[in-house]
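Index from 1, following the sequence. Computed from a predicted model, the values in this text were never measured in an experiment.
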Amino acid sequence: NYPKEVDLPSYKPNYIGNPRQIKAAAEMISKAERPIIIAGGGIILSNASQELRDLVAKTNIPVGSTLMGLGAYPADDFLALGMVGMHGAAYANYTLAESDLIIAIGMRFSDRVTGKLSTFVPHAKIIHIDIDPAEISKCVPATIPIVGDVKNVLTELIPLVKAPNIKPWLEKVKVWKEQYPLAYKKDGGSIAPQYVLQEINRLTKGDCIITTEVGEHQMWAAQYMLHKNPRSFISSGGLGTMGFGFPAAIGAQVGCPDKLVVDIAGDGSIQMNIQELGTVKRYNIPVKVCIMNNGYLGMVRQWQELFYGKRYSQTDLCAGGNPDFVKVAEAYGVLGLRATKPEEVGKVLEQAFNHKGPVFMDMVVEPEASVYPMVPAGGIINKMILNEERKGETYS
């Protein structure tokens, strides 16, 4: 029998934020001229997405997100900035770098968000809300620390906040969005991986659960998928575990049997747990696996291209003998589909999404497509390699 109560003496979190700190945070927000909210995974864990939306509705403060916070705020809202950090949108990083107040909610200030710590928003004040006191001021000093459950803190904060006068700031953010949109190189003869994701958006309108493996495809999914709801984007942060997405998709599908669940995979990551094809076949778990097959361990290849003069080492999977993913799927009795041209992508996706069982989709994409923008490791957050044409230059 399960015990009625569980007492772990080593961990007794503080759920209620300090009222004085909350009041001070409300006053600071009301006086800000260039504020930004960074939504972290803690918002989703505490079921505080509605409270976040209420705070934004009251203040009109633009919202960036960490990788784990995607979906906490709807990506199609005009105040949404998408992901910030190493592979964040340029306009999101410019907004972050120029802000005078960062409202960090349920996030860790990892190096993938901050870049070089000594140059990270040196003139901004920081309100940091988190249930774990170990995260407060661990990487970036907090001006106003608030330890508590995010949902409880936001519930107390929202009535105290007055909307700041930030119309000029919002105009500036709008200009950045227009000048520096997410973009990718289009080659009519080959499939751009970003195009595959846009086609998924077109067909689903964001009404699906996306899981990812780890690598370039993970970052493309973070950038281009339409993240509208919490717990609709399931990805491995922190440890960055290749092979995560397929079993995560199985769990999501079992938990949400009426939802469309799509695993965005790479041809390297999917082979870490490809044997789970046996599981989805045996139990007829209708997950759809979309493999961005570029013939490389893509993220490592991108770094080798940018920083090691294209001296590719142990990243070329075709040279090592990638399997025929359609035949592997068929060997398990699972439907396998393939697209090799852009005009085939939509048809393959439609066939997969209409199929009642599991599907493996082999999207043969551009081999050397890379993830941009990119802040080089240890770089400054607003100095990014912006796109394919400018990969040898940085801009600030």
Side-chain angles (χ1 to χ4, degrees), residues 40-47 49 65-72 75 83 87 106 108 110 112 193 196-197 200-201 204 206-293 297-299 325 328-329 332 334-336 349 352-353 355 357-363 371:
I43 293 174
I44 295 172
L45 292 174
S46 67
N47 296 314
S49 296
S65 175
T66 67
L67 175 69
M68 304 309 290
L70 291 169
M83 189 170 66
H87 289 297
R108 302 179 299 137
S110 74
R112 299 307 162 110
V196 177
L197 300 173
I200 295 174
N201 285 335
T204 66
D207 185 19
C208 62
I209 296 173
I210 298 295
T211 71
T212 79
E213 313 288 341
V214 169
E216 285 181 312
H217 59 276
Q218 178 189 29
M219 293 297 102
W220 286 317
Q223 292 175 332
Y224 284 90
M225 292 308 302
L226 191 56
H227 309 289
K228 296 170 77 171
N229 298 298
R231 292 186 169 86
S232 62
F233 180 72
I234 302 171
S235 192
S236 176
L239 293 175
T241 313
M242 290 176 69
F244 172 87
F246 193 14
I250 293 171
Q253 189 73 83
V254 171
C256 302
D258 297 327
K259 277 283 191 180
L260 172 65
V261 179
V262 184
D263 173 27
I264 307 299
D267 49 330
S269 282
I270 194 60
Q271 295 184 69
M272 298 290 177
N273 277 314
I274 200 168
Q275 77 283 353
E276 297 299 341
L277 276 164
T279 303
V280 296
K281 171 61 179 177
R282 178 176 182 179
Y283 298 103
N284 195 33
I285 301 171
V287 297
K288 319 303 180 187
V289 179
C290 184
I291 303 168
M292 303 294 190
N293 185 358
L297 295 174
M299 187 59 80
F325 291 109
V328 172
Y332 279 91
V334 170
L335 177 62
L349 289 169
F353 294 168
H355 184 66
V359 183
F360 246 38
M361 291 172 276
D362 182 12
M363 299 289 182
V371 183

Would Thr204 and Phe353 count as a side-chain contact (heavy atoms from CB on, under 4.5 Å) if you check the C-alpha gap in whole Å, the side-chain angles of each, and the deciding distance to 0.1 Å? CA-CA 9 Å; Thr204 66; Phe353 294 168; 3.9 Å; yes
Nearest heavy-atom approach of Val262 to Cys290 is CG1-CB, 4.3 Å
Quick check for you: to the nearest 0.5 Å, what is the distance between Tyr332 atom OH and Gln275 atom CD? 6.5 Å
Straight-line distance of Ile210 CD1 to Asp263 CG, nearest 0.5 Å: 9.0 Å
Is it the case that the side chain of Thr241 and the backbone of Ser236 share a donor-acceptor pair, with hydrogens and angles ignored and the cut-off at 3.5 Å? no
If every non-hydrogen atom of Val287 is compared with every non-hydrogen atom of Ala249, which pair is closest and at what distance? CG1-O, 3.4 Å
Side-chain contact test, heavy atoms from C-beta onward, threshold under 4.5 Å: evaluate it for Leu67 versus Arg112 and give yes or no. no
Test side-chain contact (heavy atoms from CB on, under 4.5 Å) on Met68 and Leu45 and set out the steps. CA-CA 10 Å; Met68 304 309 290; Leu45 292 174; over 6 Å; no
Taking the side chain from Ser65 and the backbone from Leu70, do they hold a donor-acceptor pair closer than 3.5 Å? yes
Asn293 (side chain) donor-acceptor with Asp362 (main chain) under 3.5 angstrom: no
Looking at side-chain heavy atoms only, is the closest gap between Met219 and Met299 below 4.5 Å? yes
How long is the gap from CE on Met363 to CD1 on Ile291, to the nearest 0.5 Å? 10.0 Å
Atom CZ in Phe233, atom CD1 in Ile209: separation rounded to 0.5 Å? 13.0 Å
Indicate yes or no: at least one non-hydrogen side-chain atom of Leu335 is less than 4.5 angstrom from one of Pro358. no
Pairwise side-chain contact, Phe246 with Ile274, heavy-atom cut-off 4.5 Å (strictly under): no
Would you say the side-chain atoms of Lys288 pair up with the backbone N or O of Ile264, donor to acceptor, closer than 3.5 Å? no
Verify, without hydrogens or angle tests, whether Ser46 (side chain) and Gly42 (backbone) share a donor-acceptor contact under 3.5 angstrom. yes
Are the side chain of Glu213 and the backbone N or O of Gln218 linked by a donor-acceptor pair below 3.5 Å? no
Note, Phe360 side chain near Ile270 side chain (heavy atom, < 4.5 Å): yes
About how many Å separate CD1 of Ile234 and CZ of Phe244, when rounded to the nearest 0.5 Å? 7.0 Å
Mind jotting down which residue pairs meet the side-chain hydrogen bond (donor to acceptor under 3.5 Å, both in side chains) criterion with at least one end in residues 222-232? Sequence neighbours excluded, please. Asn47-Arg231
When every non-hydrogen atom of Ala329 is compared with those of Leu277, the smallest separation belongs to CA-CD1, 4.2 Å
Would you compute the distance between atom OG of Ser269 and atom CD of Glu216 and round it to the nearest 0.5 angstrom? 11.0 Å
Heavy-atom side-chain contact between Met361 and Leu349 under 4.5 Å: yes
Measuring only between side-chain heavy atoms, which start at C-beta, is Met242 closer than 4.5 Å to Asn273? no
Work out which heavy atom in Gly40 is nearest to a heavy atom in Thr66; give both atom names and the distance. CA-OG1, 3.5 Å
Taking the side chain as every heavy atom from C-beta outward, state whether Pro286 and His355 have any pair of such atoms under 4.5 Å apart. no
Residue pair Ala221 / Leu197: nearest heavy atoms and the distance that separates them: N-CD1, 3.6 Å
